[in-house]
There are 2 protein chains.
Amino acid sequence: MKRIITLLFIIMLSCHDNKAPVLEDQTQGIALQNEAIATSDQGNIVLVLHGGASYPTPTRNNPTRDSIIKEVMGRALIAGRDTLLKGGSSTDAVEVSIQILEDSPFFNAGKGAVFNGEGVNELDASIMEGKERKAGAVAGVKQIKNPINAARMVMDSSDNVLLVGEGAERFSKLKGATLVSNDYFFTQDSWDELVKAKKENNEKLPKSPIEKNEKFGTVGAVALDLGKNIAAGTSTGGRSNKRFGRVGDSPIIGASTYADNRYCGVSSTGWGELFIRNAVAHSVVSYVEFKNSGIQEAAQWVMYDKMKGIEGGIIALDKEGNASFPFNTPVMNRGYITLTGEPKVFIYK
Amino acid sequence: MKRIITLLFIIMLSCHDNKAPVLEDQTQGIALQNEAIATSDQGNIVLVLHGGASYPTPTRNNPTRDSIIKEVMGRALIAGRDTLLKGGSSTDAVEVSIQILEDSPFFNAGKGAVFNGEGVNELDASIMEGKERKAGAVAGVKQIKNPINAARMVMDSSDNVLLVGEGAERFSKLKGATLVSNDYFFTQDSWDELVKAKKENNEKLPKSPIEKNEKFGTVGAVALDLGKNIAAGTSTGGRSNKRFGRVGDSPIIGASTYADNRYCGVSSTGWGELFIRNAVAHSVVSYVEFKNSGIQEAAQWVMYDKMKGIEGGIIALDKEGNASFPFNTPVMNRGYITLTGEPKVFIYK
């Protein structure tokens with residue numbers, strides 16, 4: 001009973017607007033969910049989301065948490081889709097949906113960002129549109145409430161692509177971004193995770209690239225608007241206990257984010273350094289371009305062949321409304337929506 | 001006479017070691033040089049260098065300056081080649097040769113780095129090796145004498161790929177990098193360029209992506225060692241009058257730098273934002289990978305088709321010792337060397 005009350009309370013806290021939480025299922029039977037996209041939906045998908053690829057753990061993945069994640073992702077999908085229905089651009093839809101995930105403490109982005117090794121939150125985000133292939137990104141920012149907004153500002157209001165640190169913050173402030181104190185990003189979960197990592201490593205950095213209990217809640221979105229333009233975006237707090245100044249793949253165009261109307265849009269999540277070294281997002285696009293393949297073949301080749309043994313996941317969407325979600329961890333928070341259907345959100349394989 | 005004395009004096013200043021300056025030609029007839037690589041050298045090239053793609057201008061390109069550039073690049077090629085002859089890795093050769101270019105005030109990297117819009121030098125560099133595709137990079141550093149050394153330290157001594165700002169400096173210091181005051185990077189040329197940009201733009205940022213008189217002296221190298229391993233690296237001061245915190249393509253793996261033993265190594269130079277948005281270095285590698293082409297076809301397709309109308313250049317080297325140097329500006333400082341030959345350095349088309 002106490003658990004149900006807690007769940008209801010947390011869901012209420014999470015519902016900042018009046019949209020009903022849309023759950024693909026309740027907390028039972030999640031492990032039986034099919035990761036496959038319904039055949040009838042392929043060709044009609046307008047927005048795909050991810051909320052990180054990871055492992056199920058007692059603290060990280062449990063029915064209560066899973067329900068909240070599904071509620072927030074469902075709400076983000078609906079908000080993005082409604083933006084598209086009103087004639088908004090795919091860039092608008094990506095920004096709106098990622099912002100909702102950033103505002104939830106249950107993802108490793110925005111509010112829920114993990115701590116670096118010095119107990120500070122340094123956030124990264126990027127966005128790209130596929131018509132002119134314009135892009136914007138920020139990295140290592142500590143005071144921007146929604147890094148995806150700042151990335152959009154860099155794309156729209158500067159001749160730059162990537163701004164880092166204080167320069168990125170100064171620019172974003174000038175353009176009207178909401179600034180917060182770094183304390184805003186405090187969550188007990190993220191702090192506990194840092195303390196645990198410090199303890200386990202005797203204050204040294206983790207040796208294993210992926211701790212089984214690590215928070216892998218990077219978020220990303222790819223959208224297709226009524227004008228058939230694709231956009232993609234990614235936002236993260238990086239890795240818990242990361243080195244001060246470390247930048248992962250999320251703000252790197254070509255690593256985590258890429259969009260090209262001719263081929264597809266991509267957002268990825270996983271062990272950032274390996275995703276940079278393998279230019280994951282651009283690899284999917286290049287495969288489609290040079291092999292003249294569909295995105296499913298391309299995304300699966302990158303995740304299951306090229307990145308074999310490297311944990312993470314990819315979401316991809318093409319201009320025909322076909323999507324693909326390959327991942328090679330037990331868990332990837334992911335979902336999609338068509339123009340007229342219900343949001344579909346999945347967590348486990 | 002005065003000019004000749006000046007020239008000799010500057011050459012003396014430039015020759016920090018005792019290697020004789022190796023000039024492909026003297027100051028006459030430069031415009032007639034052939035950009036093509038000698039057919040007899042293809043298949044035997046072990047190191048290629050670039051020192052930026054740009055325009056000839058009264059202050060930037062003149063016989064005196066051209067001679068110095070050729071001398072320094074010749075010296076860098078010899079130092080890199082000698083490293084390889086002694087059994088050094090391609091990564092060693094890339095680092096050694098780029099460091100020599102960084103130490104010269106005549107390139108926009110290290111000592112000669114341009115100023116950002118606030119009169120500060122913020123430097124970027126990256127390095128990647130093609131066997132395991134490990135990589136390291138630093139961005140927005142103000143006190144590291146040789147950013148290419150710091151990039152190497154990130155690759156070799158951390159589990160990260162990209163470190164930015166103060167975090168990058170703190171890490172590099174810990175690993176023994178030479179730190180200098182930001183004043184070290186002052187050169188009158190760079191300062192004059194900033195003042196000019198500020199004046200021309202009434203303190204606003206330049207609107208044109210490439211000012212015809214802008215310093216485009218980013219440096220890069222690709223090497224092939226006796227073990228047939230490829231490495232690539234790039235180092236820059238960015239764009240004169242750039243926004244504080246702006247990061248260009250040079251430290252971005254996939255944009256400016258990429259190396260994969262199976263395909264090729266690449267370093268590029270040009271309008272950074274467009275090189276990021278087009279994932280230039282990784283595009284060359286993907287073209288070779290998926291089209292099963294030679295590097296000349298790949299590099300030329302990227303520079304002349306994909307990047308048509310966008311100014312810059314690419315250097316590429318494959319494991320067979322074949323090189324390619326496509327560029328679409330009137331000037332690209334570039335050169336190559338074989339294991340036994342003289343360094344060949346070219347400036348104009």
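Numbers restart at 1 for each chain; the letters A, B, ... are given by sequence-line order, proteins then strands. All values below come from the heavy atoms of this structure, side chains included, with hydrogens, waters and symmetry mates left out.
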Under a 4.5 Å cutoff for heavy-atom pairs, which residue among [options] has the most contacts with chain A?
{"options": "B:His282, B:Arg246, B:Glu122", "result": "B:His282"}
{"options": "B:Ala139, B:Ser283, B:Ala259", "result": "B:Ser283"}
{"options": "B:Arg277, B:Glu273, B:Lys134", "result": "B:Arg277"}

For residues [X] and [Y], is any side-chain donor paired with an opposing acceptor at under 3.5 Å?
{"X": "B:Asn149", "Y": "B:Glu95", "result": "yes"}
{"X": "B:Asn278", "Y": "A:Arg133", "result": "yes"}
{"X": "B:Ser267", "Y": "B:Thr257", "result": "no"}

### Task
Could you have a look at A:Ala135, A:Gly245, A:Ala168, A:Gly167 and say which one has the most heavy-atom pairs with chain B under 4.5 angstrom?
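Top count of heavy-atom pairs under 4.5 Å with chain B: A:Gly245.
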### Message
Heavy-atom pairs under 4.5 Å with chain B: which of A:Ile253, A:Val138, A:Val154, A:Val285 has the most?
### Response
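Of A:Ile253, A:Val138, A:Val154, A:Val285, A:Ile253 has the most heavy-atom pairs under 4.5 Å with chain B.
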### Message
Could you check whether any side-chain heavy atom of A:Val284 comes within less than 4.5 Å of a side-chain heavy atom of A:Ile314, counting everything from C-beta outward?
### Response
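Result yes, sub-4.5 Å side-chain heavy-atom pair found.
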### A:Lys319 and A:Tyr263, any side-chain heavy atoms less than 4.5 Å apart
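Of all side-chain heavy-atom pairs linking A:Lys319 with A:Tyr263, none is under 4.5 Å.
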### Task
Please state whether the rings of B:Phe290 and A:Trp301 are parallel, tilted or perpendicular, taking 30° and 60° as the class boundaries.
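It falls in the perpendicular class, over 60°.
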Which bit of [X] is near chain A, if near means a heavy-atom gap under 4.5 Å: side chain, backbone, both or neither?
{"X": "B:Asp260", "answer": "neither"}
{"X": "B:Glu169", "answer": "neither"}
{"X": "B:Tyr287", "answer": "both"}
{"X": "B:Ile252", "answer": "side chain"}

#### Entry: SB check B:Arg170 B:Glu166 (cutoff 4.0 Å)
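Yes, B:Arg170 and B:Glu166 are salt-bridged.
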